[in-house]
Amino acid sequence: MSLRSTPTTHKRTCWRHARLATFASGSPWGWIDDGAVITEGAQFAWVGADAGLPPDLQVDDEVDLHRALVTPGLVDAHTHLVYGGDRAGEFEQRLQGATYEEIARAGGGIRSTVAATRASSDDALFESAARRARILMAEGVTTIEVKSGYGLAEVHEARCLAAARRLAHELPLDVRTTSLAAHALPSEFAGRPDDYIDAAITWLAGQQARGLVDAVDAFCDTIGFTPAQTERLFTEAQRLGLPVKLHAEQLSDQDGAALAARFGALSCDHLEHLSARGIAAMQQAGTVAVLLPGAYYFLRETKLPPVAALREAGVPIAIATDHNPGSSPALSLVLMLNMACTLFRLTPEEAWRGVTVHAARALGLPDRGTLAAGQRADFAVWDAEHPREMAYRFGHNPCRRVVHAGVERTMR
Ligand code: DI6
Ligand code: FE
């Protein structure tokens, strides 16, 4: 793209004198100490050292960032943002000794959120999800994934996916939707999980025809669905050309990661109980490991995901909030940077790549997650000198400005 006097319909803005963490190269942080980025419409036209800006550059606007830090917009690659009600009471029960599995088996847990979700109007579902989305966005998040999974009936799953789509229409935010009908067994199908999976399989084509779904997920675990049931669902997803991802090896090892990898999964998520076999399969398939420190923390898990082995195998690691009412009511992806480091022993740079470039990859979106020419112009400006500060401090939001698709958001 020429930066000289090419006539263009797109506004060109040059953001100058920033510390850039581009994550666009293998060099530490992709760091550029006195950098500049030029946006043209929704894309970066140029990224580099300020001193290297073309001398005859023509732009519509110039902004001096006075050495502030600029990173790519953050990508939250795993959320369950659309649901009714909350589970604060269940939290109290757990504090008194009940386990997450016991509550789920007694009909609470996910199924209590299903009842509250079914009872919520379309607008109420949208409004509560939008409130949560705005909190994520205030920390520089520009793309999120949103799963269904609290409707568990055709009409309610569709309503949840439609609420997620509506977020992208009404907020300056990109949303990828994932069908997670295979999240829990609804009470209408008690004792008949195979019949429920048969039903969920028939819903997918309709969700796809209505433009409601970008990917398919399942909860493969003792309190979720079996590998055989997961495989049947994934076979239909594959037939429809929809990419898959999996809640795998969260509470037990079901060899779900290897199954998902056979379907070329974009990601396997949670992974506390992941085996060496699962790691090898993910590595071969190029599947991203999405680690969720919020759920690990909130359920007080003690089995750590095999971070060193993932790292050694070269499996890309992403970090997400897993925002949901039961196991991770977290609404801060920046806090997850700290938790990924303190709980999982990621380096701050690994954690940051996990909420930018690797998170984008977990969503099958190679056009974002780095600062580079041709990428989508999604970035955050921070009151910080270096991104390691966000992994270090917690309970603090130094995000000052956010540009989404080339347009600066007004922050409230
Ligand atoms: N694993 C989780 O941690 C969430 N879903 C899943 O499959 C929990 C969802 C919930 O408890 O509402
Ligand atoms: Fe989840």
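One-based numbering, in listed order, for ligands and for the atoms of each.
Shortest distance from the Fe ion (ligand 2) to H247 is reached at NE2 (N/O/S atoms only). Restricting D322 to its N/O/S atoms, the shortest distance to the Fe ion (ligand 2) is reached by OD1.
Here the protein heavy atom with the shortest distance to atom 8 (C) of ligand 1 is Y100 OH, 3.0 Å. Atom 1 (N) of ligand 1 has Q250 OE1, 2.8 Å as its closest protein atom, hydrogens excluded (heavy atom only). Nearest protein heavy-atom contact of atom 5 (N) of ligand 1 is H183 NE2, 2.8 Å.
Here H80 reaches the Fe ion (ligand 2): one of its N/O/S atoms is less than 2.8 Å from the metal. At a threshold of 2.8 Å, the Fe ion (ligand 2) has no backbone or side-chain N, O or S atom of D269 nearer than that distance.
Counting heavy atoms only, Y150 comes closest to atom 9 (C) of ligand 1 of the residues Y150, F219, Y83.
Under a 4.0 Å heavy-atom criterion, T113 is not in contact with ligand 1.
Near D322, meaning under 4.0 Å from any of its heavy atoms, are these atoms of ligand 1: 3 (O). Per-residue contacts place H270 under 4.0 angstrom from the following atoms of ligand 1 (heavy atoms of the residue considered): 1 (N), 2 (C), 3 (O). For ligand 1, the atoms closer than 4.0 angstrom to any heavy atom of N324 are 4 (C), 8 (C), 9 (C), 10 (C), 11 (O), 12 (O). Applying the 4.0 Å criterion to heavy atoms of H247 picks out, from ligand 1, the atoms 1 (N), 6 (C), 7 (O). Close approach of ligand 1 to S327 (heavy-atom distance below 4.0 Å) involves ligand atoms 2 (C), 3 (O), 4 (C), 8 (C), 11 (O).
For W203 and Y196, the ring centers sit closer than 6.0 Å to each other.
Screening residues 264-278 for salt bridge (Lys or Arg N to Asp or Glu O under 4.0 Å) gives D255-R277 as the qualifying pairs, with residues at least two apart or on separate chains.
For R94 and F298, the positive end sits near the middle of the six-membered ring, less than 6.0 Å away and at most 45° from its axis.
Ion pairing between D61 and R12 fails under the 4.0 Å rule for side-chain N and carboxylate O. Note on R393 versus E389: salt bridge recorded, some NZ/NE/NH1/NH2 to OD/OE distance being below 4.0 Å. Using a 4.0 Å cut-off between a side-chain N of Lys or Arg and a carboxylate O of Asp or Glu, D214 and R165 qualify as a salt bridge.
One distance of note links NE2 of H169 with CZ of F126; it measures 10.5 Å at 0.5 Å rounding.
Neither the backbone nor the side chain of L292 has a heavy atom within less than 4.0 Å of ligand 1.
When only modelled atom types and interatomic distance are considered, R132 and S128 share a side-chain donor-acceptor pair under 3.5 Å. In this model, a donor atom of one side chain and an acceptor atom of the other lie less than 3.5 Å apart for T321 and D76.
Minimum interatomic distance between A124 and S121 (heavy atoms only, all atoms of both residues): N-OG, 3.0 Å.
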